[in-house]
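Start at 1 and go down the list; that is how both ligands and their atoms are numbered. Below, each value reflects all heavy atoms present in this structure, side chains not excepted, and no hydrogens, waters or symmetry copies. Note that this is a predicted model, so its numbers are computed, not measured.
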Amino acid sequence: MQALVLAGGEGTRLRPLTADVPKPVLPLAGRPFLGFMLDWLGRHGVDDVLLSCGFLSDAVEEALGDDWRGIRLRYVREREPLGTGGPLRLAYDEGLLDERLYMLNGDVLCDFDLTAQRERHAETGALATIALTAVEDTSSYGVVPTAPDGQVEAFLEKRPGPAPTNRVNAGCYLLEREVAERIPSGAAASMEHDVFPSLCMNGLYGFHAEGYWMDIGTPERYLEATWDLLGGRIASDLPERDGGGSLVGEGSVVEGARIGPKAVVGERCVVGAGTVVDHAVLHDGVTVGERCALERCIVARDVRIEDGARVEAGAVIGAGAVVAAGATVGAGARVEPGERVG
Ligand code: GDD
Ligand code: MG
């Protein structure tokens with residue numbers, strides 16, 4: 001079974017983390033995000049994955065290579081960003097598509113029953129079947145009302161105001177190759193604005209999926225997904241966590257520091273004595289001095305945080321930045337890669 005994974009967006013909402021690491025391979029709980037997706041696809045019989053890349057495509061290939069635990073990985077590279085629909089057509093034009101395939105947004109952490117979705121798709125004879133998940137706030141997603149027989153009545157992408165249903169597009173589709181033929185060649189296109197609206201009540205079905213679902217595309221949701229993985233809310237083969245649900249990567253020295261609860265310390269980090277890392281994420285190679293306080297923040301690789309500094313909730317620090325001794329990075333602040341906070 002084949003899957004096409006969209007991995008070419010710029011990850012704007014996750015900047016500065018995505019300045020040099022594309023969102024799909026950003027480390028999540030210590031491993032490239034897409035690793036979780038590929039494991040999940042593999043459990044549902046997917047053995048052939050096309051990774052559709054544009055922005056920083058080499059970094060995706062470098063992180064994943066051409067095989068992930070027995071799944072063949074191939075890369076489809078765009079010269080210009082083709083949106084969410086153009087990449088499907090490009091893969092078709094390159095002769096790569098099977099007759100029926102999964103298509104996924106490359107930033108959803110999820111454990112839906114893809115096999116059941118595939119069965120449903122076959123039963124209805126759909127051209128496309130969208131997995132739908134229920135959310136509290138629909139405003140940043142595609143809202144998808146369906147008829148009693150499962151056909152999609154409308155596709156309402158990120159509309160303000162009241163929504164007709166709380167079921168939204170989970171970014172996980174089953175498609176017939178024919179869908180690609182309907183997308184113009186060599187141009188950008190949108191699944192959400194062009195393809196799906198044109199198929200409403202005309203071959204497009206919804207599949208009400210149950211289970212865990214999170215789009216990791218904002219710092220808040222990236223942290224939530226991290227805590228959920230650490231706490232086992234979604235199944236994974238992460239290494240054993242400590243009593244507080246935290247992970248400390250290989251080669252890291254954290255003696256005398258309090259790591260956790262629910263913290264991730266990457267590989268080759270040093271965290272000084274008396275420092276607290278509470279619900280925070282440190283990527284690889286981060287150095288933190290003594291008596292610092294890091295809370296609910298994300299610190300990219302190779303950052304240096306000097307003695308007595310504080311990093312408050314929601315702050316995101318870009319790769320290689322320096323936070324000087326005694327300085328505070330306030331709640332929700334963004335520190336650019338390489339910047340020095342005095
Ligand atoms: N190859 C390629 N080229 N991929 C792209 C491009 C592009 O030009 N633009 C975006 N992508 C990829 C992103 O990397 C991401 O994996 C996926 O397409 C979706 O883009 P996002 O930017 O994450 O979209 P969103 O989260 O705002 O909304 C989408 O996902 C929601 C569910 O998480 C929509 O599909 C919504 O309808 C949906 O509810
Ligand atoms: Mg997204």
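For the residues Ile216, Asn169, Val135, the heavy atom positioned nearest atom 39 (O) of ligand 1 is part of Asn169.
Distances from atom 20 (O) of ligand 1 to the protein include no heavy-atom value under 4.0 Å.
At under 3.5 Å, a nitrogen or oxygen of Arg13, whether backbone or side chain, sits near a nitrogen or oxygen of ligand 1. Considering backbone and side-chain N/O atoms, Glu78 comes within less than 3.5 Å of an N/O atom of ligand 1. Where the criterion is an N or O separation shorter than 3.5 Å, residue side chain and backbone included, Leu6 meets it with respect to ligand 1. Looking at Pro81 next to ligand 1, no N or O pair under 3.5 Å apart turns up. Any N or O atom pair closer than 3.5 Å counts here, and Val108 shares no such pair with ligand 1. Checked against a 3.5 angstrom limit, the closest N/O atoms of Tyr141 and ligand 1 fall outside it. Residue Gly106 places at least one N or O, backbone or side chain, under 3.5 Å from an N or O of ligand 1.
Put simply, no part of Met191 is less than 4.0 Å from ligand 1, judged by heavy atoms. Contact analysis puts Gly83 in contact with ligand 1, with a non-hydrogen atom separation below 4.0 angstrom. Heavy-atom distances between Trp213 and ligand 1 reach below 4.0 Å in at least one pair. For the ligand labelled ligand 1, residue Lys158 lies inside the 4.0 Å heavy-atom shell. Not a single heavy atom of Gly217 sits closer than 4.0 Å to an atom of ligand 1. The shell of residues lying under 4.0 angstrom from ligand 1, judged by heavy atoms, excludes Val168. Look at Tyr173 and you'll find a heavy atom under 4.0 Å from some atom of ligand 1.
Salt-bridge check for Glu312 with Arg310: passed, with a basic side-chain N closer than 4.0 Å to an acidic carboxylate O. For the pair Asp66 and Arg74, the salt-bridge criterion is not met [side-chain N within less than 4.0 Å of a carboxylate O]. With respect to the salt-bridge test (charged N to carboxylate O, under 4.0 angstrom), the residues Asp237 and Arg31 qualify. We find that Glu61 and Arg77 are joined by a salt bridge, their nearest charged nitrogen and carboxylate oxygen being less than 4.0 Å apart. Salt bridge absent: Arg43 and Asp39 never bring a charged side-chain N and a carboxylate O closer than 4.0 Å. Between Arg72 and Asp47 there is no salt bridge, since no side-chain N of the basic residue sits under 4.0 Å from a carboxylate O of the acidic one. A salt bridge is defined here as a Lys NZ or Arg NE, NH1 or NH2 lying under 4.0 Å from an Asp or Glu carboxylate O, and Arg159 with Glu157 fails to meet this definition. Look at Lys262 and Asp242 and you find no salt bridge, because none of the NZ, NE, NH1 or NH2 atoms lies under 4.0 Å from a carboxylate O.
With respect to atom 4 (N) of ligand 1, the closest heavy atom belonging to the protein is Gly8 N, 3.1 Å. The protein heavy atom nearest to atom 30 (O) of ligand 1 is Asn105 ND2, 2.9 Å. Among protein heavy atoms, the minimum distance from atom 37 (O) of ligand 1 is reached at Glu157 OE1, 2.6 Å. In terms of protein heavy-atom proximity, atom 9 (N) of ligand 1 is nearest to Gly9 CA, 3.8 Å. Distance from atom 23 (O) of ligand 1 to its nearest protein heavy atom, with residue and atom name: Asp107 OD2, 2.7 Å. Counting protein heavy atoms only, atom 26 (O) of ligand 1 is closest to Asp215 OD2, 2.8 Å. Looking only at heavy atoms of the protein, atom 35 (O) of ligand 1 is closest to Glu192 OE2, 2.5 Å.
Each of the following atoms of ligand 1 lies closer than 4.0 Å to a heavy atom of Gly142: 36 (C), 37 (O), 38 (C), 39 (O). Atoms of ligand 1 found under 4.0 Å from any heavy atom of Lys23, numbered from 1 in the order shown, are 23 (O). Of all the atoms in ligand 1, the ones that sit under 4.0 Å from a non-hydrogen atom of Leu82 are 8 (O). Shown in contact with Thr84 at under 4.0 Å from a heavy atom are these atoms of ligand 1, numbered in order with element: 18 (O).
Glu62 CD: 12 or fewer foreign heavy atoms inside a 6.0 Å radius.
Residue Asp215 approaches the Mg ion (ligand 2) most closely through its N/O/S atom OD2. Closest to the Mg ion (ligand 2) among the N, O or S atoms of Asp107 is OD2.
Side-chain N or O atoms of Trp40 include none that pairs as donor or acceptor with a backbone N or O of Gly35 at under 3.5 Å. Using a distance-only test at 3.5 Å, with no hydrogens or angles considered, no donor-acceptor pair links the side chain of Arg301 to the main chain of Gly266.
Taking each heavy atom of Gly320 and Val303 in turn, the nearest pair found is N-CG2, 3.8 Å. The nearest pair of heavy atoms linking Gly342 to Ala324 is CA-CB, 4.0 Å.
With respect to Arg221, the salt bridge (charged side-chain N to carboxylate O under 4.0 Å, His left out) criterion is satisfied by exactly one of Asp215, Asp107, Asp137: Asp215. Ser252 pairs in a side chain to side chain contact (heavy atoms under 4.5 Å, CB included) with only one of the listed residues (Asp284, Val265, Leu282, Val271), which is Val265.
The aromatic ring centroids of Trp227 and Tyr222 lie 6.0 Å or more from each other.
Atom OH of Tyr102 sits about 12.5 Å away from atom CE of Met37, to the nearest 0.5 Å.
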